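Naming: A, B, ... by sequence-line order, numbering from 1 per chain. Because the structure is a prediction, the values reported are computed rather than measured.
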Amino acid sequence: MKIGIIGAGRLGTSLARLSLANGHEVAIANSRGPETLELSSKILIPGARPLAVDALIAEHDVIILALPFHQAIQIHPTILDGKTIIDATNYWSPVEGTIPVFEESGLSSSEYIQQYFDGATVVKSLNHIAYNELEEHTGTGRVVLVASDDEAAKQLVTEYVESLGFDASNGGTLAEGQHYQPDTKLFNSRFTLDELE
Amino acid sequence: MDVKGEWISMELGVFSFGDVQRTKKGELGPTSEAITNMLEAIQLADKVGLDFFGVGEHHTEYFPASSPATILAAAAATTKNIKLGSAVTVLSTDDPVRTFQQFSTANIISGGRVEIIAGRGSSTESFPLFGYHLQDYDQLYSEKLDLLLKLNELEKNEPITWEGTFRAPLSNVPIVPQSEDPLKIWLATGGNPDSTIRAARLGLPIAYAVIGGRMSRFAPLMELYREAGRQYGTSDKLEISIASPGFIAEDAKDAKDTFWKAWGWTMTTLGKVRGFAAPTRAHYDAESNYDGALFAGSPQEIADRIIELHKKVGHTRHFFQMDVGQMPHDKFLRSIELLGTEVAPLVRKALAK
């Protein structure tokens with residue numbers, strides 16, 4: 001699969017490496033331009049292409065948001081029209097501060113992301129596993145949940161998550177995605193399909 | 001990475017956020033006791049020949065070391081050889097002028113043993129406390145680090161002129177006191193690639209805080225640090241230190257069981273604040289063995305792991321946070337003693353070959 005990752009911090013680079021290791025084609029972008037990623041991508045994620053955000057979006061149908069929630073909602077809202085977004089962000093106020101407009105919305109964070117990028121199809125996944133466990137817990141039966149209001153997009157992301165070496169499980173709709181946000185039992189906990197039942 | 005033939009000295013040390021003890025009733029004890037305990041621990045670390053003690057700024061009822069420079073100044077006056085630093089100073093929410101003055105003062109008292117390890121802040125309680133916005137996280141750090149480094153580079157009696165966005169400008173202002181030599185200032189990071197590049201670009205020694213997962217995950221970042229240093233021409237200024245949770249007792253099982261109780265409590269408590277699930281013993285066991293981030297074990301085991309890691313990544317300082325989650329003070333002191341009297345000689349001997 002061709003995967004475009006926005007965000008080149010700890011999560012973005014870990015997801016890039018894991019995707020490359022499993023045969024995917026990966027491009028990565030940050031807000032400061034591809035030249036700022038040349039050195040780090042060469043050493044940390046050899047094989048990934050650094051691109052500008054615009055170019056990355058133009059060239060990819062599947063985009064992972066691997067940046068803080070408050071930065072994700074600074075991306076232009078129509079720039080992702082027609083794309084499948086894997087929303088790996090979390091609204092995490094103890095770490096990133098509060099965003100009143102989100103709190104007043106009463107939505108789950110991925111519903112909010114869907115409403116924000118309303119021309120795109122949002123799938124909530126890879127948000128509830130710590131970045132430093134991504135590459136260690138593949139092939140161990142660890143579950144990664146996948147939620148979306150769009151079945152075809154959910155299926156696509158399920159296949160992607162399984163290709164990385166996780167056991168994917170249906171997380172329901174984006175509203176139901178609130179069950180694996182911060183402050184839930186599932187967030188950052190390690191469980192298999194049997195344990196999830 | 002093998003550092004072929006250039007075996008440099010490996011410094012060993014301890015860091016603490018202050019650890020409130022548990023009372024007989026099972027409640028959290030006084031924060032004042034945690035401060036005096038910490039001073040005692042620093043003095044012991046000096047006595048047993050350890051190289052470094054770091055005091056990490058935190059502002060909670062269980063980690064009360066809110067004012068590292070004050071403790072370090074007291075330690076500076078009552079220790080002889082040990083290097084003393086913050087671990088870390090949450091520079092993003094501090095005034096660099098004040099930080100510089102306080103650490104420079106302590107440095108003079110110590111005879112040049114005081115350092116600053118400056119971080120963006122992974123514990124975020126200082127942001128609301130001092131009136132900063134978490135969303136300015138990186139810009140705050142970048143600007144304040146710039147000012148701190150400029151202050152540290154001033155010649156004797158040279159005033160500072162500086163302008164930024166988060167504090168009032170400084171126009172031709174003298175900053176006192178200045179120590180004989182500049183302070184050693186480290187950049188602390190939890191693994192963000194940009195922070196690694198920033199440290200190399202600025203020619204700063206780097207402190208990696210590795211608090212979970214596998215240690216080897218950080219090896220590519222250290223390679224990035226060195227490669228960036230070559231590109232920026234700062235290689236001769238670069239140094240790598242690693243800070244990780246750790247605890248030593250004579251018996252490996254005793255060490256692991258004791259630390260599990262303390263570390264487990266801390267992660268469970270932090271999980272409640274940050275909204276993540278509590279760790280399990282199985283997770284802890286997986287991470288407190290070979291290549292894991294948690295260094296709990298017997299002196300031989302910990303020495304072996306430090307040596308093994310040094311051969312891979314070439315770090316020249318490793319320091320451990322031992323007193324978390326109401327670690328009984330006598331066990332903390334014993335762990336410091338074992339690090340100095342048993343682990344350190346094993347490490348020195350192995351690396352002297």
Residue selection (most heavy-atom pairs with chain B, distance under 4.5 Å) from A:Gly12, A:Ala8, A:Pro94: A:Pro94

Heavy-atom distances under 4.5 Å only: say whether B:Leu224 touches chain A with side chain, backbone, both or neither. both

Checking A:Ala16 now: which residues fulfil side chain to side chain contact (heavy atoms under 4.5 Å, CB included) with it, not counting sequence neighbours? A:Ile5, A:Val26, A:Ile28, A:Ile45

Heavy-atom side-chain proximity of B:Leu134 to A:Val95 below 4.5 angstrom: no

Excluding sequence neighbours, so at least two apart, what forms side chain to side chain donor-acceptor pair (under 3.5 Å) with B:Asp19? none

When you scan chain B against chain A, which donor-acceptor pairs turn up at less than 3.5 Å?
from, atom 1, to, atom 2, distance (Å)
B:Thr124, OG1, A:Pro94, O, 2.5
B:Gln135, NE2, A:Glu96, O, 3.2
B:Gly190, O, A:Arg10, NH1, 3.1
B:Asp194, OD1, A:Arg32, NH2, 3.2
B:Asp194, OD2, A:Arg32, NH2, 2.5
B:Arg214, N, A:Glu136, OE2, 3.2
B:Arg217, NH1, A:Tyr131, OH, 2.9
B:Arg274, O, A:Trp92, NE1, 2.5
B:Gly275, O, A:Asp183, N, 2.7
B:Ala277, N, A:Phe187, O, 3.1
B:His283, NE2, A:Arg190, NH2, 3.1

Might you confirm whether atom CG of B:Leu270 has over 12 heavy atoms from other residues, nucleotides or ligands at distances under 6.0 Å? yes

Checking B:Trp186 now: which residues fulfil side chain to side chain donor-acceptor pair (under 3.5 Å) with it, not counting sequence neighbours? B:Glu115

